[in-house]
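Down below is the structure, laid out as structure tokens.
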Amino acid sequence: MHSGSHIFFDPRGRVIHLWNKIFLTACLLSLFVDPLFLYLTGTQQNMCIEFKHSLALMLSVIRSLLDVFYAAHICLRFRTAFIAPSSRVFGRGELVIQPYKIAMRYLSRAFWFDLITALPLPQFVIWVVVPMLKESATANRKDILRFSIIFQYLPRLFQIFPLTRQIVMATGAMTENAWASAAYNLILYMLASHVLGALWYLFSVQRQEACWREACNLEGPMCRTEFFDCNTVSSNRTIWYELSNITRLCTPDNSFYQFGIYAEAFNYKLTTSAFTQKYFYCFWWGLKNLSCLGQNLATSLYIGEISFAIVIGILGLVLFALLIGNMQSYLQATMIRLEEWRTKRTDMERWMHHRQIPQPLKQCVRRYQQYKWVATRGVDEEALLKDLPMDIRRDIKRHLCLDLVRRVPLFDEMDERTLEAICERLRPALYTRGTRLVRELDPVDSMLFIIRGYLDSYTTQGGRSGFFNSCRIGAGEFCGEELLTWALDPRPSEYLPRSTRTVRAVSEVEAFALVAEDLRFVASQFRRLHSARIRHRFRFYSHQWRTWAACFIQAAWRRHKRRRASMEHMMPQAGDGRAGGSVRCRRHSCDGKALKKPMEPDFTVEQEI
């Protein structure tokens, strides 16, 4: 949207929604990168603490790239409109796009918080503050770096929660898929393990330095604290290192100093290992203790160490509960339809057992339930479509049914608009093998258009002995044409017509059904078309008319054969003068019984009175 020469964004629009997801990804990456700064300090074999400048340079570059997203987020907030509180009484509310009001609202609320999160604080400390330190650089470097990272890490961590809430409020869910939401919570759990592992490593280095300092006090003036800085190079340090027994005292096996939960780091010499080794082991340490709620931690009497263990236990309990809860929600979201189907199937099995339903009927019920689950996955399509607006519902029905309806030859002559109107009224129908769709002489309540599968249609002409006709109905054909004849009648009866055939499924059948009321609309569309074409097409594809036509032709052929036989028999008699007159034949059906001609549908346009 535009206001003069300025461009503003709708907070409910697609651009802001996409940016929130991109910015959330950048925030998660930043939360992963910041704890890596805690690995910048390490120790060497000659008992000194070093600073990894090459690693610091690489992390500073990555962190600076991520800081660009935070700066862009601040700029975007100055161009994002907001909804006036007074307009929220009804509807979505009215947007405020005045630049001054947007800026004042942002400055009075979240600007300073966003500014703190966007500052390049670790880079400033590493490349500006630390080089300015002259005395006790080793001790102060760790303290200042730790303070700067934690000071900015907590606001950046808290920033993802309102950002997540905005995404949920805009779309109703964190992600489109349940599995992505579960993966997001798993990432947060692993991120906590990553942070705890990095803190554990930094505290291990500090405890080792504390042990060195305590042992140094016992050695007297020969030992000086600046010897623990690897940048200090002097002959006095070399002499001191050769005579000192600090390396023997500051080990977990010695009772001189209690390392507590950090003894594991010294046993595996993590502080002197390569970056990849120390990182993966520290991450594993954090994940392990977070999962077991810190139960295996054997702490010393040091208060800071005990507090760290308490934080691990509480954080592990909370995050593990959230992870399990979200995983359960994910499993429920993916399995809810399956569980509903299993519940219905169990209820049906108990009911059939209680009512002593015969085994063949039980098999039919089970086969139908299984086929319906495979076809629909437990989703009620009609109920879903009812909640949508008419325009969207029409487009979905058109997408689902139009190509299938065009396969029906009876609808070939209809235009696009008429076909779309028919699609709106079609209802899906599923039948399993052996299902009897309609019985002969039963009322016909729907007309079926077959999409997949095969049906057997047969008739005994009302149960007359000696008459039987059967045919196979496949994809693109229809049954229940008696209902179409009834619907096309200008003065239809109040009662539904009776079926002239029995229809039975010989395989799994998928079809679309038109009930009586909807078929009246379709019948009115037929009257708009050329009557002769529709009449011929209906007769050709109607199995009722096919049966009558076949019997009529067969009866005519039999009459022709009888007439010819009679004429050949009478010709000799005529020559002898012993017979005369004409031959009279009765009309017979294909089995000798009179077959009633089907009713002719009225495809003509109704005359206006």
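FYI, side chains are in, hydrogens and waters are out, and symmetry mates aren't considered; it's all heavy atoms of this structure.
- Between Y106 and F78, the ring-plane angle classifies as perpendicular under the 30° and 60° cut-offs.
- Side-chain contact, Q295 with N289: no donor N or O sits under 3.5 Å from an acceptor N or O.
- In this structure the side chain of P162 reaches within 4.5 angstrom of the side chain of R165, judged on heavy atoms.
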Give the table of side-chain donor-acceptor pairs shorter than 3.5 Å for residues 192-203, with sequence neighbours excluded, one pair per line with atom names and distance.
from, atom 1, to, atom 2, distance (Å)
S193, OG, Y189, O, 3.2
H194, NE2, F32, O, 2.8
W200, NE1, I261, O, 3.0
Y201, OH, T41, O, 2.8
Y201, OH, K278, NZ, 2.8

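- With values rounded to the nearest 0.5 angstrom, I149 atom CD1 is found 6.5 Å from F37 atom CZ.
- Remark: E508 engages no residue in a salt bridge (Lys or Arg N to Asp or Glu O under 4.0 Å) (not counting sequence neighbours).
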Original post:
Going through the checks in order, is the side chain to side chain contact (heavy atoms under 4.5 Å, CB included) test met by L188 and L322?
Top reply: CA-CA 10 Å; L188 295 180; L322 290 175; over 6 Å; no
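- The CG atom of L59 sits 9.5 Å away from the OG atom of S54 when rounded to the nearest 0.5 Å.
- Checking S30 against R156 by side-chain atom types alone, a donor-acceptor pair falls below 3.5 Å.
- Within a 6.0 Å radius of OH in Y281, more than 12 heavy atoms belonging to other residues, nucleotides or ligands are found.
- In this structure, F151 and F147 have parallel ring planes: the angle between them is below the 30° cut-off, well short of the 60° mark.
- More than 12 heavy atoms of other residues, nucleotides or ligands shown are found within 6.0 angstrom of CZ on F23.
- In K288, the NZ atom is crowded: over 12 heavy atoms of neighbouring residues, nucleotides or ligands sit closer than 6.0 Å.
- K344 is linked by a salt bridge (Lys or Arg N to Asp or Glu O under 4.0 Å) to nothing, counting only residues two or more places apart in sequence or in another chain.
- In summary, the side chains of Q123 and S60 do not present any donor paired with an acceptor at a separation below 3.5 Å, with no hydrogens or angles considered.
- Note on E264 versus K269: no salt bridge recorded, every NZ/NE/NH1/NH2 to OD/OE distance being 4.0 Å or above.
- Other residues, nucleotides and ligands place more than 12 heavy atoms under 6.0 Å from the CZ atom of F275.
- Scanning for salt bridge (Lys or Arg N to Asp or Glu O under 4.0 Å) contacts around K52 gives E50, with sequence neighbours left out.
- A cation-pi geometry, defined here as NZ or CZ lying under 6.0 Å from the six-membered ring centre and within 45° of its normal, holds between R207 and Y302.
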Subject >> Candidate pair Y257 and F259, rule ring pair (Phe, Tyr, Trp, His ring centres under 6.0 Å), full reasoning >> reply: CA-CA 6 Å; Y257 194 87; F259 289 96; 5.3 Å; yes
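- How far CD1 of I310 is from CD1 of I312: 10.5 Å, rounded to the nearest 0.5 Å.
- Atom CH2 of W127 sits in a crowded spot, with more than 12 heavy atoms from other residues, nucleotides or ligands closer than 6.0 Å.
- Atoms CZ and OG1, from F266 and T272 in turn, are 10.5 Å apart once rounded to the nearest 0.5 Å.
- Listed for the Q166 side chain is no donor-acceptor partner under 3.5 Å among the backbone atoms of N20.
- D114 pairs by the salt bridge (Lys or Arg N to Asp or Glu O under 4.0 Å) definition with R77, not counting sequence neighbours.
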Original post:
Are Q152 and T117 close enough, and set up right, to give a side chain to side chain donor-acceptor pair (under 3.5 Å), and what steps lead you there?
Top reply: CA-CA 6 Å; Q152 198 175 35; T117 59; over 6 Å; no
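- Residue pairs meeting the side chain to side chain donor-acceptor pair (under 3.5 Å) criterion with at least one member in residues 314-325, sequence neighbours excluded, do not occur.
- Atom CD in Q277 sits 11.0 Å away from atom SG in C282 (nearest 0.5 Å).
- Expressed to the nearest 0.5 Å, how far CG of L191 lies from CG of L319 amounts to 9.5 Å.
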**OP:** Start with the C-alpha distance between W19 and F69, add both sets of side-chain angles, then the distance that settles side chain to side chain contact (heavy atoms under 4.5 Å, CB included), and finish with yes or no.
**Re:** CA-CA 10 Å; W19 168 253; F69 288 92; 4.1 Å; yes
